[in-house]
Number of protein chains: 2
Amino acid sequence: MNAKKVSLKDIALKAGVSTALVSYVLNGKEKETRVGQAIAQKIKEIARELNYQPNHLAKSLRSGKTHTIGLILADISNPFFANIARVVEDEAKKSGYTVIIGSSDEKADKAWDLLNVLITRQVDGFIIVSSEHSEPHIHYLKERNIPFVLLDRHFPDLQTDFVATNNYKASYDAGVHLAKGGYERIGIIAYKTDMYHMRERIRGYKQALQDHKFTFKNNWLKEVQFENIETEVKIAIDEMTSSKDPVDAIIFATYGLAINGLKYINELMLKVPSDLGIVSFGQAEVFDLYYCPITYLKQPLELLGMTAVEFLLKKLKNPEEGVKQILMEATLIARDSSMLKPT
Amino acid sequence: MNAKKVSLKDIALKAGVSTALVSYVLNGKEKETRVGQAIAQKIKEIARELNYQPNHLAKSLRSGKTHTIGLILADISNPFFANIARVVEDEAKKSGYTVIIGSSDEKADKAWDLLNVLITRQVDGFIIVSSEHSEPHIHYLKERNIPFVLLDRHFPDLQTDFVATNNYKASYDAGVHLAKGGYERIGIIAYKTDMYHMRERIRGYKQALQDHKFTFKNNWLKEVQFENIETEVKIAIDEMTSSKDPVDAIIFATYGLAINGLKYINELMLKVPSDLGIVSFGQAEVFDLYYCPITYLKQPLELLGMTAVEFLLKKLKNPEEGVKQILMEATLIARDSSMLKPT
DNA sequence: TTTTTTTGTTTAAACGATTAAAACTTACTT
DNA sequence: AAGTAAGTTTTAATCGTTTAAACAAAAAAA
């Protein structure tokens with residue numbers, strides 16, 4: 001950054017007026033502050049001529065607003081979140097906001113670090129895809145009165161703005177869909193976590209079983225740890241398929257679980273959908289790539305991202321506004337992997 | 001942000017000294033500026049007690065440095081770049097830098113917008129994964145003396161810092177590998193672009209053919225447009241497989257091409273690796289998921305990202321330092337998809 | 001004509017930090 | 001006792017903007 005930047009002062013000097021006038025004119029306050037027509041015109045011209053770019057730092061220092069929002073993702077290597085990031089970025093830019101993205105990699109302490117870095121960077125607010133054990137972060141934000149919106153995952157016991165998917169319903173739909181497809185011993189592989197979105201996915205699944213008079217077997221629900229996903233998914237599938245009540249279909253509660261699970265199902269030479277029906281959460285072109293295209297639950301990605309931005313910007317404009325919460329419906333995209341008996 | 005922030009002045013007031021002293025002490029300049037032992041201690045204590053967090057905006061305004069770097073990606077929905085982003089972010093943070101990520105979606109004008117937004121945000125420098133037609137951006141940056149490092153893609157005619165993969169070699173390896181696997185009519189599907197990394201991939205492929213005394217047929221090279229990837233890949237595969245010189249193996253020059261191509265190969269009921277051998281650029285767990293695991297070229301993702309940060313930070317520290325360029329080698333990860341005759 | 005109002009413009013403080021230079025204390029030399 | 005040096009702290013300018021308040025000149029009202 002060589003060519004020393006043009007400042008208000010430079011313009012003022014050249015126009016032979018004070019910086020105040022320049023500031024007024026360049027901020028469209030000519031009317032309220034009754035700046036002379038001729039001068040106003042001249043200032044604008046000189047500004048253009050000098051290619052003036054306001055200094056955001058100075059502006060922010062003065063105003064206390066940075067027009068920057070922090071986006072904390074649970075895992076940016078997950079294509080779902082990567083795409084969310086893109087949507088949020090685009091949407092924020094429309095309103096003149098810049099987004100700083102951080103990935104917590106599902107670790108609460110990394111999320112905490114990020115939060116603090118971004119707070120000292122004075123972002124105006126946050127959009128957060130929470131990781132486990134981050135309730136304290138939420139409390140902290142509320143306490144310090146920092147505006148934020150939770151995205152995709154939320155805490156039902158905490159009064160916060162959020163935008164999320166109706167996971168219960170989505171999972172229920174998956175169960176019903178498999179049942180209709182002719183499967184009767186449906187299992188689910190989820191993450192071992194207390195996070196609400198995951199509990200809801202399990203609850204929806206169980207409800208679907210119940211509504212079809214299938215008695216849930218403990219063995220049909222497997223919860224694996226994010227850190228050991230590869231080995232634990234294998235064990236889970238082994239146990240699910242080899243017990244005395246083997247499953248004939250599996251719901252994968254996330255994209256990552258599905259990738260690992262399908263990989264292993266291939267190794268086992270199990271045939272989808274005949275040996276095993278499959279439905280997975282999370283969309284990805286990848287599911288089309290499987291020899292038997294995978295039925296999946298498509299979350300309204302764009303809408304989620306855009307709404308989160310909308311909520312946050314509203315809150316920034318008017319911090320007193322009420323709590324905004326919304327649950328959006330996922331769509332089940334039926335493919336071959338969930339059809340035992342072709343209809 | 002309620003509880004009005006603690007500033008140097010607050011500390012100074014409480015300690016009964018001037019802000020200058022506080023600044024000196026808190027910046028570890030007590031020695032050079034010979035601040036009294038007792039006072040220094042007191043200041044530090046009060047700072048801790050008040051939980052003082054320096055105001056980055058003010059610091060930056062004064063120093064002209066924001067300790068922020070802009071990362072412009074060609075496409076954040078590509079897992080390769082998403083992971084690069086993560087690496088860059090982590091690495092930068094180690095040195096106290098914050099990263100602002102933007103995705104140009106392979107569009108030069110979006111990249112230009114991003115560039116300007118980030119320049120007005122006064123990032124200290126850029127790491128850029130260029131999209132096509134963005135040479136002018138490079139010139140602009142050089143002209144304005146804004147430090148930057150190109151990542152993954154570079155322009156051989158432009159004197160710039162860059163960190164990239166040796167695409168020629170990688171592609172050459174892919175060709176040789178397929179030839180060794182028993183394939184003799186090897187094709188490649190690439191993007192239609194003048195970008196050097198893509199030209200190199202094609203060049204390496206051709207060289208491999210030549211070294212095996214296979215005569216390259218025009219029909220074996222297909223270039224598709226990023227915007228129409230889905231339909232054009234289909235056409236490409238149709239043409240490659242149905243002509244009078246049908247290919248028996250395909251190299252996909254990118255991850256996205258592979259995803260789309262494999263999807264279509266499935267539809268066509270072509271069997272990998274017997275009907276068609278496959279090698280693809282870009283790593284992804286997804287390649288394991290295919291019924292026949294896909295051989296791929298693994299780029300040194302972490303190293304690329306870390307080196308880019310290293311180069312940039314060095315340049316920030318000492319702008320006069322010479323041009324840094326490095327090409328890193330990809331590793332071919334051999335799987336079943338490229339073995340015609342099992343060895 | 002004097003007073004008031006309107007219109008147009010400047011002044012100066014503020015945001016929160018950094019830092020060169022000035023100023024003030026002691027203590028030490030001669 | 002006066003001068004100098006060394007040690008310690010303050011002053012004040014600066015980064016680029018915003019904006020309340022003060023000011024001046026012209027126009028309107030008295």
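The chains referred to below are lettered A, B, ... by the order of the sequence lines, with proteins before strands, and numbering in each begins at 1.
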Visitor: Taking CG from L26(A) and P from dG16(D), how many angstroms apart are they, rounded to a whole number?
Guide: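 Value for this atom pair: 16 Å.
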Visitor: Can you check the E30(B) CD to dT9(D) P distance for me, whole Å?
Guide: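 Answer to the nearest Å: 12 Å.
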Visitor: Between the protein and nucleotides 11-16 of chain C, list every N/O to N/O distance that falls short of 3.5 Å.
Guide:
unit_1	atom_1	unit_2	atom_2	d
dG16(C)	N2	A58(B)	O	3.3

Visitor: What is the separation between atom NZ on K29(A) and atom C1' on dT9(C), rounded to the nearest whole Å?
Guide: 17 Å
Visitor: Any side-chain donor-acceptor pair under 3.5 Å between R86(A) and S103(B)?
Guide: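 There is no such pair between these side chains.
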Visitor: Under the side-chain hydrogen bond (donor to acceptor under 3.5 Å, both in side chains) definition, can you give me all pairs with a residue in residues 34-50 of chain A, not counting sequence neighbours?
Guide: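 As it turns out, the side-chain hydrogen bond (donor to acceptor under 3.5 Å, both in side chains) pairs with a partner in residues 34-50 of chain A, which skip direct neighbours, are K14(A)-E49(A), E30(A)-K44(A).
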Visitor: Could you note down all residue pairs passing ring pair (Phe, Tyr, Trp, His ring centres under 6.0 Å) where residues 99-120 of chain A supplies at least one of them, sequence neighbours left out?
Guide: W112(A)-H137(A), W112(A)-Y140(A)
Visitor: Who are the side chain to side chain contact (heavy atoms under 4.5 Å, CB included) partners of S63(B), not counting sequence neighbours?
Guide: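 For S63(B), the residues satisfying side chain to side chain contact (heavy atoms under 4.5 Å, CB included) (neighbours in sequence not counted) are K65(B).
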Visitor: Nearest-Å distance, CD (E32(B)) to P (dT8(D))?
Guide: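 Nearest whole value for this atom pair: 14 Å.
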Visitor: Restricting to ring pair (Phe, Tyr, Trp, His ring centres under 6.0 Å), what partner residues turn up for H56(B), sequence neighbours left out?
Guide: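 Once residues adjacent in sequence are excluded, H56(B) has no partner under the ring pair (Phe, Tyr, Trp, His ring centres under 6.0 Å) criterion.
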Visitor: Under the side chain to side chain contact (heavy atoms under 4.5 Å, CB included) rule, collect the residues that match up with N318(A), sequence neighbours excluded.
Guide: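 So N318(A) forms a side chain to side chain contact (heavy atoms under 4.5 Å, CB included) with E320(A), E321(A).
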Visitor: Expressed in angstrom and rounded to an integer, what is the separation of K65(A) atom NZ from dG16(D) atom P?
Guide: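 Taking atom P of dG16(D) as the reference, NZ of K65(A) is at 23 Å.
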Visitor: Does anything in residues 305-327 of chain A form a ring pair (Phe, Tyr, Trp, His ring centres under 6.0 Å)? List the pairs, not counting sequence neighbours.
Guide: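 For residues 305-327 of chain A, and leaving out neighbouring residues, there are no ring pair (Phe, Tyr, Trp, His ring centres under 6.0 Å) pairs at all.
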Visitor: Taking only residues at least two apart or on different chains, which pairs with a member in residues 17-26 of chain A satisfy side-chain hydrogen bond (donor to acceptor under 3.5 Å, both in side chains)?
Guide: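 Only S23(A)-N27(A) qualify under side-chain hydrogen bond (donor to acceptor under 3.5 Å, both in side chains).
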Visitor: For DNA chain C, which residues of residues 33-45 of chain B approach it to below 4.0 angstrom with any heavy atom?
Guide: none
